[in-house]
Amino acid sequence: MYSATYLWAKIIPWLENRLSEPLVSSWFEDAEAMSFDDPVLTLYTPSEFNKDAIERCCSDYIAEAGRELFGQELKLVVTCEKSSADSPRGDLIDTNQQFTFDTFIVGSSNQFAHAVALAVSREPGQIYNPLFIYGPSGLGKTHLLYAIANELRKAHPGFNIVYKKGDEFTNELITALQEGKNTEFRNTYRNADILLIDDIQFIAGKERTEEEFFHTFNTLFEQKKQIVLTSDRPPREILRLTDRLVTRFEWGMLADVQPPDYETRMAIIRNKCRALALELPDDVVDYIATNITSNVRQIEGSVRKLQAHVRMGDFQLTVSNVAKVIRDMYTTSSEAMPTPDLIISQVALYYGVDEAAIRGKHRGRNVLDARQMAMYMIRSMTNLSLPDIGKAFDKNHTTVLHSIKQVEEALAEGKFADVVRDITTNINDKL
């Protein structure tokens, strides 16, 4: 499942293309994506005026953005109340009941991961601690995290279950340090009965974050509290992750998930159709299963997209019509090309800086490094010209060329190769 941060990073540029950029900036300057409980996207803004304006004028736009960008209609909720960093219940949304073990389609590619996740939900902290689930994006790792949480909620209603994304853990730590709330931050995580961290790879290379997580891990492990982590790769392949964390992540059980086989893909499609009360002809189901082969999220997204077209009326579910509608969902690897927005977002995550800072005029060392890397990655992964790259950063082509040369010279000296490889992997996982 997408994170709220990822959804919002994609929606903002989309809104700017539909509305005027000054208007979007005015309404959403202080807005923050708080949570995503499919299909509800919750935004926080401190301004009651902006809250009313966003609710009145943007709900339909957000719904349309969801259909166009993610193949599903999003529902917008705007709040002026921001949950504090020391919330004792963590960040898990109890109503996310569609992500259970019953709704997880088991096949040869994920059977072992499903089995050990189920075992953990029945005996938390006793076996397979920590549980480390890894595999490419969109194959159900987050589904298994929520399934564990929902199962434990039923068996142990009083458990303090904490769920976070790896990058959110880093951002919360930064905020806690800035506001002098270190103790509250630590209590949020070290008082957990169950700690679920999605995309743990994003803490790698961030020294203070790794240090904090190391002590959090030790505290929970010694108390026999269950820890479940997910990543797009096994611990030893997470570049820049400290050896002591690699060792601890391997203490328990490693379980991988791989792309589903044809039979599993067929089952996923039919299961999603049942959930959406959508009837697809057998040849359409076969077409989707044959053409979308590596990502469960894309498979489910294609079904949601078809449902949206059926609801709009006068849409015949033939293979030719379906092919036109979902063609963008199965772009081949040779055709796939990341957008500058995607590259900048992944560079920002890697360096732990804001996308706005990379695009802006900030000149801190870390931001400068991230900006130069983003320019280099766009040049190497797209066919954009130097002036076109400059537009994404409000820089001229001379500045872009200088930045690219800086990275190329560093690579020639044996520097940054791991950084480029790691960011490239993260970008490719999102295509």
In plain terms, say whether Glu250 and Arg236 are close enough for a salt bridge, that is, a side-chain N and a carboxylate O under 4.0 Å apart.
-> yes

Cation-pi geometry met for Arg248 and Phe221 (6.0 Å, 45°) = no

In plain terms, say whether Lys141 and Asp256 are close enough for a salt bridge, that is, a side-chain N and a carboxylate O under 4.0 Å apart.
-> no

Please lay out, stage by stage, how Lys305 and Glu68 fare under the test salt bridge (Lys or Arg N to Asp or Glu O under 4.0 Å).
-> CA-CA 8 Å; Lys305 195 169 185 179; Glu68 188 169 318; over 6 Å; no

State, yes or no, whether a side-chain contact exists between Leu229 and Asp198 at a heavy-atom distance under 4.5 Å.
-> no

SB check Glu212 Arg186 (cutoff 4.0 Å) | yes

Just checking, any donor-acceptor pair under 3.5 angstrom between side chains of Ser345 and Glu355?
-> no

Hey, what do you get for OH (Tyr376) to CD1 (Ile423), rounding to the nearest 0.5 Å?
-> 11.0 Å

Does any non-hydrogen side-chain atom of Arg359 lie less than 4.5 Å from one of Asp394?
-> no

Around atom CZ of Phe393, are there more than 12 heavy atoms of other residues, nucleotides or ligands at under 6.0 Å?
-> yes

For the residue pair Leu368 and His362, what are the closest heavy atoms and their distance?
-> CD2-O, 4.4 Å

Would you please say whether a donor-acceptor pair under 3.5 Å links the side chains of Thr170 and Asp167?
-> no

Does the side chain of Leu131 reach to within under 4.5 Å of the side chain of Ile227, using non-hydrogen atoms?
-> no

Ionic contact status for Glu409 with Lys405, cut-off 4.0 Å = no

Does the side chain of Arg240 reach to within under 4.5 Å of the side chain of Tyr350, using non-hydrogen atoms?
-> yes

With respect to Tyr163, which candidate in Thr142, Val228, Ile148 satisfies the side-chain contact (heavy atoms from CB on, under 4.5 Å) definition?
-> Thr142

